[in-house]
Novice: 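Quick one: this structure, given as structure tokens, is what I'll be asking you about.
All residue numbers in this chain count up from 1 along the given sequence.
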Amino acid sequence: HWEGSFQQYMELLEENPLVVRTAHQRLYDMVLSHGVGEAEVDKEIVPAYKFFQDPLDGGGDAVFGLERSLHGLMAMFKAAAHGFGPERRVLLLHGPVGSSKSTIVRLLKKGLEAYTQTGDGALYTFGWNIDGEFIPSPMNEEPLLLLPPDVRESVLGHLQKKIRTPYKLRQNFDLSPVSRYYLEMLLKQYGGDFSKVLDHVVIKRLVISEKDRVGIGTFQPKDEKNQDSTELTGDINYRRIAELGTDSDPRAFNFDGEFCVANRGIIEFIEVLKLDVAFLYDLLTASQEHKIKPKKFAQTDIDEVIIGHTNEPEYNRLQNNELMEAFRDRTIKIDVPYNLRLQNEIKIYQKDFGKKQIPGKHI
């Protein structure tokens with residue numbers, strides 16, 4: 001429940017510069033924070049990430065026998081943390097029914113929620129104090145985005161010298177339309193005096209929570225007639241139009257689509273290839289450009305991990321559809337196959353049934 005001024009936030013950054021990590025960097029560090037062991041797969045040693053044994057829930061969602069797939073997934077997160085390209089792609093978990101694709105995403109979401117409650121995983125957002133009323137940033141933005149790009153770069157360069165991470169701290173995003181509206185309004189009010197504008201900024205600790213729709217969004221296909229793209233990008237608040245007189249005022253728009261609420265965290269697309277083509281257009285710019293296009297507003301920046309999962313038949317259909325070439329080009333496929341080792345199969349049965357006494361049966 002920490003709350004403070006912009007100056008206090010800058011002091012926090014001096015103590016812990018990792019607060020300003022991007023979503024991919026934070027997710028990568030979260031998995032590593034649980035430790036890395038080794039596993040032998042086909043006489044080859046591969047890293048075994050302890051996080052995927054589900055230490056948070058006592059192994060309730062533990063994944064067995066997928067060391068190679070998880071190593072591939074972590075290689076993508078590592079490259080994305082460095083800014084080498086995968087951060088501009090949709091990560092697509094691909095495999096047969098019941099191969100634990102959904103479990104892996106559930107683990108990542110659960111882990112991120114727990115990580116942001118710790119000191120190491122802390123992240124912050126801001127709101128505006130306008131005439132005694134607190135107006136939160138609708139997309140949980142990073143407070144450093146309030147600084148002009150050149151000033152922000154020098155601050156990040158200073159913070160980079162204080163840490164020893166292999167990746168570079170980046171915050172090359174722009175403010176949302178609502179935050180930009182209040183920033184310009186206050187700059188005009190104070191004749192361009194930036195220090196007085198920052199007096200209106202209130203910084204708050206942000207804890208990611210799927211249930212509260214903070215930092216985690218989930219989207220799944222429904223009947224085509226009952227679903228439209230405003231579910232992803234938000235919609236106009238018609239009640240506010242009556243007060244403000246125009247529908248192009250940022251205050252008359254609800255930035256509550258799944259892309260907006262998932263900013264700074266993860267958005268999960270369940271059975272992503274079953275979606276109507278119109279939704280996949282939104283995914284193209286969201287992944288490649290880190291931008292979404294709300295109705296009647298300029299493109300808005302987002303910083304989030306986009307991860308989807310799909311089964312074999314839908315993926316084969318994607319491969320054979322020439323019209324989907326742009327989407328194919330913007331996905332990185334991670335294969336999640338069935339487990340084929342007896343020892344791992346035994347572990348799965350022990351996890352699922354070990355605590356339950358089944359009469360006349362021995363696990």
Side-chain angles (χ1 to χ4, degrees), residues 3-6 9 124-149 152 171 173-206 209 212-219 226-265 267 278-279 281-283 285-286 289-304:
E3 201 174 284
S5 65
F6 192 83
Y9 178 65
Y124 296 82
T125 184
F126 66 89
W128 301 93
N129 185 357
I130 308 287
D131 300 328
E133 183 189 354
F134 179 73
I135 299 155
S137 156
M139 293 173 62
N140 305 316
E141 296 153 282
E142 162 61 46
L144 271 195
L145 300 186
L146 290 163
L147 299 176
R152 195 188 316 153
Q171 278 298 331
F173 305 102
D174 284 328
L175 287 170
S176 69
V178 176
S179 298
R180 201 159 55 245
Y181 172 86
Y182 285 111
L183 180 66
E184 287 172 5
M185 181 191 84
L186 290 167
L187 279 171
K188 193 172 179 184
Q189 184 178 324
Y190 292 114
D193 188 336
F194 203 74
S195 61
K196 285 184 179 173
V197 172
L198 290 180
D199 288 342
H200 287 268
V201 173
V202 181
I203 311 291
K204 300 187 93 167
R205 176 85 182 258
L206 180 68
S209 165
D212 298 328
R213 294 184 82 225
V214 176
I216 294 178
T218 309
F219 192 77
N226 299 329
Q227 195 163 34
D228 62 45
S229 57
T230 58
E231 280 188 49
L232 286 173
T233 54
D235 203 0
I236 292 166
N237 183 340
Y238 292 98
R239 194 169 62 84
R240 292 283 280 155
I241 294 173
E243 298 169 26
L244 300 166
T246 174
D247 60 357
S248 57
D249 188 312
R251 294 170 297 172
F253 194 89
N254 291 333
F255 288 89
D256 59 358
E258 296 301 325
F259 273 132
C260 302
V261 300
N263 197 34
R264 315 284 302 283
I267 183 166
F279 294 96
Y281 296 149
D282 283 320
L283 260 174
T285 48
E289 312 292 340
H290 288 296
K291 291 179 189 292
I292 55 170
K293 178 71 178 74
K295 201 186 287 181
K296 296 209 170 184
F297 289 98
Q299 288 191 319
T300 302
D301 284 9
I302 53 170
D303 168 28
E304 57 202 62

Novice: Mind checking the CG-NE2 spacing from D131 to H200? Nearest 0.5 Å is all I need.
Specialist: 8.0 Å
Novice: Considering non-hydrogen atoms only, spot the tightest contact between V178 and P250 and give its length.
Specialist: CG2-O, 3.6 Å
Novice: Nearest 0.5 Å, what's the CD1-CG distance between I203 and L146?
Specialist: 6.5 Å
Novice: Set out, in order, the CA-CA distance, both residues' side-chain angles and the distance that settles side-chain contact (heavy atoms from CB on, under 4.5 Å) for C260 and I292, then state yes or no.
Specialist: CA-CA 9 Å; C260 302; I292 55 170; 3.8 Å; yes
Novice: Just verifying a value: how many Å separate T233 OG1 and F259 CZ, rounded to the nearest 0.5 Å?
Specialist: 9.0 Å
Novice: So how far is it from L283 CG to I267 CD1, rounded to the nearest 0.5 Å?
Specialist: 7.5 Å
Novice: How about OH on Y281, more than 12 heavy atoms from neighbouring residues, nucleotides or ligands closer than 6.0 Å, or not?
Specialist: no
Novice: With sequence neighbours left out, write down each residue that passes salt bridge (Lys or Arg N to Asp or Glu O under 4.0 Å) with D301, or none if nothing qualifies.
Specialist: K291
Novice: Please list all pairs passing the salt bridge (charged side-chain N to carboxylate O under 4.0 Å, His left out) test where one or both residues lie in residues 187-199, with sequence neighbours left out.
Specialist: none
Novice: If only atom types and distance count, is the side chain of E3 paired as donor or acceptor with the main-chain N or O of K204 below 3.5 Å?
Specialist: no
Novice: Could you give the distance from OG1 (T300) to CZ (F173), rounded to the nearest 0.5 Å?
Specialist: 13.0 Å
Novice: Filter on salt bridge (charged side-chain N to carboxylate O under 4.0 Å, His left out), then keep only pairs touching residues 236-249, sequence neighbours left out; what's left?
Specialist: R239-E243, R240-E243, D247-K296, D249-R251
Novice: What pair of heavy atoms forms the shortest contact from R213 to G257, and how long is it?
Specialist: NH2-C, 4.2 Å
Novice: Using the side-chain contact (heavy atoms from CB on, under 4.5 Å) rule, take F6 and V197 through it: C-alpha gap first, then chi angles, then the decisive distance, then the call.
Specialist: CA-CA 10 Å; F6 192 83; V197 172; over 6 Å; no
Novice: Please give me the minimum heavy-atom distance between F194 and P148, naming the atom from each residue.
Specialist: CZ-CD, 4.3 Å
Novice: Given E142, which of R152, R264, Q171 fulfils the side-chain hydrogen bond (donor to acceptor under 3.5 Å, both in side chains) condition?
Specialist: R264
Novice: To check you understand the geometry: which heavy-atom pair defines the closest contact between L175 and R180, and what is its length?
Specialist: O-NH1, 2.8 Å
Novice: Search all heavy atoms of W128 against all heavy atoms of S179 and return the closest pair with its distance.
Specialist: CZ2-O, 3.6 Å
Novice: Establish, from distance only, whether the side-chain atoms of Q299 and T285 form a donor-acceptor pair under 3.5 Å.
Specialist: no
Novice: Please identify each residue that fulfils salt bridge (Lys or Arg N to Asp or Glu O under 4.0 Å) with E184, with sequence neighbours left out.
Specialist: none
Novice: Scan for ring pair (Phe, Tyr, Trp, His ring centres under 6.0 Å) pairs involving residues 234-254, sequence neighbours excluded, and state none if there are none.
Specialist: F253-F255, F253-F297
Novice: Minimum heavy-atom separation for G215 to N140, with atom names?
Specialist: N-ND2, 4.3 Å
Novice: Got a second to check how far Y181's OH is from L186's CG, nearest 0.5 Å?
Specialist: 10.0 Å
Novice: Applying side-chain hydrogen bond (donor to acceptor under 3.5 Å, both in side chains), name anything that partners E133, two or more places apart in sequence or on another chain.
Specialist: none
Novice: Please report the C-alpha distance between E141 and N263 in whole Å, then the side-chain angles of each, then the deciding distance to 0.1 Å, and finally whether the side-chain contact (heavy atoms from CB on, under 4.5 Å) criterion is met.
Specialist: CA-CA 7 Å; E141 296 153 282; N263 197 34; 4.3 Å; yes
